[in-house]
Every structure is written in structure tokens, then in C-alpha cells.
Protein chains: 4
Amino acid sequence: MSALEKLASLFKSFPGIGPRQARRFVYFLLTRNKDYIEELVSLIQEVKKGIKVCQSCQRFFNGNTKLPTCGTCNDKNRNSEILMIVEKDVDFEAVEKSGGYNGYYFILGGSVPILEKEPEKKIRQRELVQLLEQKLKNSDLKEIIFAFSINAEGENTVFYLTNLLQPIVFEKEIKFTTLGRGLSTGLEVEYSDTETLKNALKNRG
Amino acid sequence: MSALEKLASLFKSFPGIGPRQARRFVYFLLTRNKDYIEELVSLIQEVKKGIKVCQSCQRFFNGNTKLPTCGTCNDKNRNSEILMIVEKDVDFEAVEKSGGYNGYYFILGGSVPILEKEPEKKIRQRELVQLLEQKLKNSDLKEIIFAFSINAEGENTVFYLTNLLQPIVFEKEIKFTTLGRGLSTGLEVEYSDTETLKNALKNRG
Amino acid sequence: MSALEKLASLFKSFPGIGPRQARRFVYFLLTRNKDYIEELVSLIQEVKKGIKVCQSCQRFFNGNTKLPTCGTCNDKNRNSEILMIVEKDVDFEAVEKSGGYNGYYFILGGSVPILEKEPEKKIRQRELVQLLEQKLKNSDLKEIIFAFSINAEGENTVFYLTNLLQPIVFEKEIKFTTLGRGLSTGLEVEYSDTETLKNALKNRG
Amino acid sequence: MSALEKLASLFKSFPGIGPRQARRFVYFLLTRNKDYIEELVSLIQEVKKGIKVCQSCQRFFNGNTKLPTCGTCNDKNRNSEILMIVEKDVDFEAVEKSGGYNGYYFILGGSVPILEKEPEKKIRQRELVQLLEQKLKNSDLKEIIFAFSINAEGENTVFYLTNLLQPIVFEKEIKFTTLGRGLSTGLEVEYSDTETLKNALKNRG
């Protein structure tokens, strides 16, 4: 296998990339000049080096500092009464971009499929329990938001985490919540399912 | 133009039907037996005859009774404090099917496009104002729900109706509400827009 | 079930129509005036009455004449050396519209699925054999074109008909052909499959 | 801008990649181990180094040899009477994979949009003219195949090249051809356009 074919095969392992687009990437790189290639290579090397995993929320962050935790977790102005659990880094980014949330986060790193036999291997269970035990000692945590996608696997993850965390928080007054369901932007009433409409009615205002 | 072509051209006027599917309908009918055709024809004739427009909510209903209003409007067990305004009959059906609503309805019959010069021709404005004036006299109406699709035209319709109805209800304590926005079934956090996420956070529970 | 629901359920049997669009059709008809409904009903009744099945090519045609065969089959200016077998009436229309063919037709009325146990029930086998025997006696037929879609079922139909017709024509010099394969309008070289490219190369010019 | 953001922005310049998928790529790389990153980086560096542009057909090839031309151009067993002009390297690959062609190639490197003012900047015009002049002296070239996509830009490129090359070849007997049009795999007769059907009829066999 030539370098060209090896590179195409690596690109094929990128998320969402098939064999055809993988080859397009290779030909695309072949037509780039030396500066482009050098910048790409040095950024790929750098990104892994410069990035740390936050010891608190577990998200990737640009760790130029000596701190073991990310800027969001270090931010004292955030509301320490709420912890939001999301599945992945891009979900964290979407919520931050919305500007509607000012609490802390935990990146679960995955979700729990229905009938999964080893759920603890699919998610950052140990890290979540650890963070929670620590927050229960030191903070005024009052609410945990499960911010997962609205589908069977998301709901199963909520169910699994509720059972997992209930015994840990049971003596404290901590509320488990989920993101509000309703009509999302662009949705037409006619095409809304029953569950969505019921919630849209409940959450009207 | 032959009967075949004339019929295809009529089918082309059906909602969502292009010339190709219109011809398919014709060939489909040609292969049906006499009973099928007779049933189709008699149902088309009957449906128009049997159906009345409800004098209250303006929806089509199966009017075997002498009453000028539909079964939903006649149902005394419904919550007379709420009136929901929807765009069309299928929206009414979707909300009823959800089982989450027990008030009364008004079918607006359309929506108001942005910059529309004659909005009163696009919707059942006169009928709405009439119904409202009557309800203000005789009922304990406390809330009007605008249940429109979440897009620019839907929002414009809310804006237009708010301005239209405010002067009519101004001395009463009547609340204008809209359907709650949030994550609809199947939506992933990552792909949610800012507005949807903000509302999903606000409506969490 | 009300007339409205019965009609929706009939529309659901139309090709390509789901329950939602079926209801839309009903509401659409409810908003039409009396003239529209009357024209629709009379055309549906008329179309079946006015249309005959051509005794030769088996297609539906507007039979205002006393003739048992359609205008195309009656047209003496067509090339009697070629007979094209298509699956359905709309295929006949597409070929006629292309203006590239001047021979005669036979509408097979279906295709033969792979592993079908009773292929003779899926297609107009008896009528085809009859037409062919008659043409072999009276005409200068030299070529039969199988004009089917380029997929497994289309190819299986070619295979089935070849085996069926070979014994009938075997003493005559009659050629069996299929439509030329190649690049169709809009297709990009990069996305063409091997079979299409091979044929596009063979048929270059 | 952090290394993470810079890398996402570089990935966004890859063909077919939007901002969201670009970020996914970055997070994907963050979760890869050191070996994966090192292999990726070294292949990206290597691919550009190891790859040459063939001096004859202009395609990229794995140039471990000292030869200035690629293996395909060096292959003496190919049919020197035919030259196929394709738009890009992946088109060359698709044709080779089809196994239906045994002549030589030229990679045009682009196509000519309609009303383009500087077509010579969009394609490898100089290299094509050079190759052709050389082939006219030394080889028995008899046919040039324009193997472009079946759309307006593809047809315009054929038109432009025909005008460009005619004066060069005019004293020789050289035929200009294009790929055969017809039904491509998966296409249904009913949905075929007039041009495709006409050609499918012409190329039947």
C-alpha cells in the first residue's frame, strides 16, 4: 500500500468520512503548498500536546496554564448550585453558545445504550461519582441537569444515571432535572409528535 | 384535451402533487374496478355535503346534527378558560391526538406572511374577533394560546394577532401565551439552535 | 367511521400517498367549491368509461372511436420492424415524449421479481405471446427492444422474457435488444459505477 | 485563537467539510493515541514528498522511481491510438476501476464554466496542447475521448476543447468522441429525461 493509500485509509477512520471523501482529502492535500502542509502537521502535533483533560468536568481544554482544571470550572462567578451533565464536548459548546446557562458542567464521554451490559465502560462513571462526592462536601449543589438528546438512548442514560446517583445524594436535597421538551425552531405543529405537543402545552408561556 | 388529461390536470391541483404523480393517479384509477370508483365518487360527493363549518371554531366537522357548532365546541366539560388558536384543521387534530389539551379552539385558516399588505384576507380575522367578543361577554376566558409553527411566519402571525386582539381584551385579565419551545423528540443537543437550547434550559424540570 | 375518514382512507390507497397527505386531500376538497367537486366527480366517472385497453399494445387509450386498438398501434407510418416492450403506461409516455422511437409498443403491465414463483401472473404473458404470434405471421418484425429499468428486477424480466420468447421466434431472424446503458443526464464520472462506465466507453461516439 | 480552533479552521478548508464536522475531527484526534497522531502526521508529510505529478498525463503518482512519468503512461501495452481526457484524478481512478479502457489519459485539472472569461486558467491547457503536439509526432493517435460529467459545465468543456484542439489536429485523421449516454445503473425508464432516452435508444444492443 502506497503512502497515498495509507493516508486515505487513515482519513477513512475520521468521523463521517467514507472511502471516496478520504481519497478527495488526499488529493486535496497534494494540491496544497508546503506552508499549508507544515501548518496542518504542526497544528495536529500541537493540539494534542497543548490540550489537557480537565480534572473536574473532563472536557478537553487548551492547557497553557499549570492548572489541572479548565477555565469554566475555575470560574468562581458561575452558579455552583447547578451541575449539567452532557454527553460530549460539542454539546458543552452548544450550550455555552446559547448563553442560557451559567452553572458548571460534567462531560459524560458517552451514553448508555438500552440493554448495555457494561454501562460503566461506556461513560465516565468513576469520574462523575468522584466529582459529585467532592461537590457534596464542598459546595451548595442543588440541581443536576441531565442534558441529553431526546431519544431512547438519551432517556436510558437519564434512567441509568438517576439510579446510580440517587444513593449518593439521597440525604441532600438535590433535584434531578432534564432539558425542557417542546417545539424546537423550525418545527410545524402538524408534524409534532404527541410527546412534544404535550410538553409544549405544559411549558407554554 | 382528453378526459384522462383533464383529470390528471385536476389531480395536479391537489396539495403536494406534481404532473407525474397526477398521471399515476389517473392510471391507478383506470386499473380499479367499478365498485372502487363508485365508492370514491360517492364519498367525494358526500364529504362535502355531510361536512359543515363550525360557527364557533370554524373547523370542518361531520354535521349530521342540526347544531351549527361542532362536538368539541359543544362539549361543556372542556375548560372554558382557555382558547387555542391554530392555523389549520390538521393542527387541531394533532393537538387533540396529543391528549394534552382540554380547552376550546379557533381555526385561523391561514397565517400572516411577513410584510403582507392585506393580512385580513389571509386569516379568519372577522370570525376570530366575533368569537372573542362573544366569549368576553359570556365566559370566563383567561388565556389565549397561539399554537403556531416555530418559524418567521408563525412568529409574525403571533405579532399580528397580539396587536389585533390587545385592544379587544384590554380591560379583562387575559393572558396571551405561545407553545413552549424546547427539545423536540429526536433532537440532539449538538444540533440544537441557541433559541431552542435557551428555552429547553428555562423549561427544564 | 365518518365520510371524511372513509375518503381519507381511500386516498391512502392512491400510489405514494400516506395517511397525512390523504387527510390533506380531504381538507383540500372541503375548501373547493361545488363546480370543482362536480368536475372532479364527472371526470373520475368519465375517465373509466371513455378509456379502453388497446387490444394490441394493452395500453389505456382514449377510445372515442369504435376501433379496438389505439392510435399508436393504428398508425401505419410507424416502423413495423421494431417492437418495444415497456413495463407500464408512463414508460410508454416517457419514450414517446423523447421523440427517439418510431416503432410499435407492448405494455407488459408489470415486471418479474427475482425468484418469483408465478411470473405469468405478474405480467401480460398471454397477451404478449398472442401479439407476437400474430406479428410473426403478418409483419416484417426484426427486433424486440426490452425497455426496462436498470436494476435487478428489470434484468430478471429481460431474462424471463428472453427464455419465454426465444422458442416462439426461433425460426425467424429476430434480434432481442435492451436500451443502451451509459452516463445519464446529470451523472458525474466520479460517481459512475463500473458497469455504467464500461458501457459509456463502449457506446462512445 | 487556540491551536484547537486553528486546526478546526484548517479542517474547514477540506473539501465538503463544514464548521461542525471540522470540530468533530479535532475532538476525534484528541481522543487518538500518540501512535495514531504520529502515523497521521508522518503520512501527511510523506504523501506530498513521495508523490510526483506525471509529466505526461499530469496525474499525481507514487514516484518512488526516477521516471518523470507515471506507471500508466509508461505502460507500453496500452492502446496508443486513444487518449482520454478526464477532469480529475478520481475520475481517472473510476475509469481504471471499470476495467473497460486500455488507452492513455490526460488529467485536465478542472472544467470550463459557461461564460468563463479566462478558461485557460481553469484547466491545464498548455500541458494538454504540449502532450498532443508530442503525440502527433510520435504516436498513432486516432481518437480523443472527452470523458466529462453530463451537465452544462461538462458540455461547455467539450465545446471549448474541441475548438482549442481542432486547429492542432486538423491535418491528421483524429476523431473526437464523448462517453456514451444512456440509462445508468439504477435509473428507471419513467424518470429518464428525453436526452437520456434518445441516446439509450440509439445505443441499444
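Quick note: numbers below take in every heavy atom, side chains included, and nothing from hydrogens, waters or symmetry partners. The sequence lines fix the lettering, A, B, ..., with proteins before strands; numbering per chain opens at 1.
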Indicate the atoms forming the closest heavy-atom contact of [X] with [Y], along with that distance.
X       : Y       : result
I114(B) : A152(B) : CD1-CB, 3.6 Å
L108(C) : L161(C) : CD2-CD1, 3.8 Å
A22(C)  : A8(C)   : CB-O, 3.2 Å
L141(B) : I144(B) : CD2-CG1, 4.2 Å
P15(C)  : F28(B)  : CD-CG, 3.5 Å

Heavy-atom pairs under 4.5 Å with chain C, option from L10(B), V90(B), L29(B), V53(B) with the top count: L10(B)
Interface residue of largest heavy-atom contact number with chain C, from V41(B), L7(B), L30(B), L43(B), under 4.5 Å: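 Heavy-atom pairs under 4.5 Å are most numerous for L30(B).
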Step-by-step side chain to side chain contact (heavy atoms under 4.5 Å, CB included) determination, L4(C) to F61(B): CA-CA 9 Å; L4(C) 193 151; F61(B) 74 108; over 6 Å; no
Could you please show the donor-acceptor pairs under 3.5 angstrom between chain C and chain B, with distances rounded to 0.1 Å?
residue, atom, partner, partner atom, Å
L10(C), O, Y36(B), OH, 3.4
S13(C), OG, Y36(B), OH, 2.5
P15(C), O, Q21(B), NE2, 3.1
Q21(C), NE2, P15(B), O, 3.1
R23(C), NE, E93(B), OE1, 2.6
R23(C), NE, E93(B), OE2, 3.1
R23(C), NH2, E93(B), OE2, 2.9
Y27(C), OH, E93(B), OE2, 2.2
L30(C), O, K48(B), NZ, 3.0
R32(C), O, K48(B), NZ, 2.0
Y36(C), OH, L10(B), O, 3.4
Y36(C), OH, S13(B), OG, 2.5
K48(C), NZ, L30(B), O, 3.0
K48(C), NZ, R32(B), O, 2.1
E93(C), OE1, R23(B), NE, 2.5
E93(C), OE2, R23(B), NE, 3.0
E93(C), OE2, R23(B), NH2, 2.8
E93(C), OE2, Y27(B), OH, 2.2

Validation row: I44(C), I44(B) side chains within 4.5 angstrom (heavy atoms):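 They are in side-chain contact.
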L132(C) vs L83(C) side-chain heavy atoms within contact, under 4.5 Å: yes
Residue part contacting chain B, namely of F14(C), when any heavy atom lies under 4.5 Å: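 Both parts, heavy atoms under 4.5 Å.
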Between V26(C), L40(C), I17(C), I37(C), the one whose heavy-atom pairs under 4.5 Å with chain B are most numerous: L40(C)
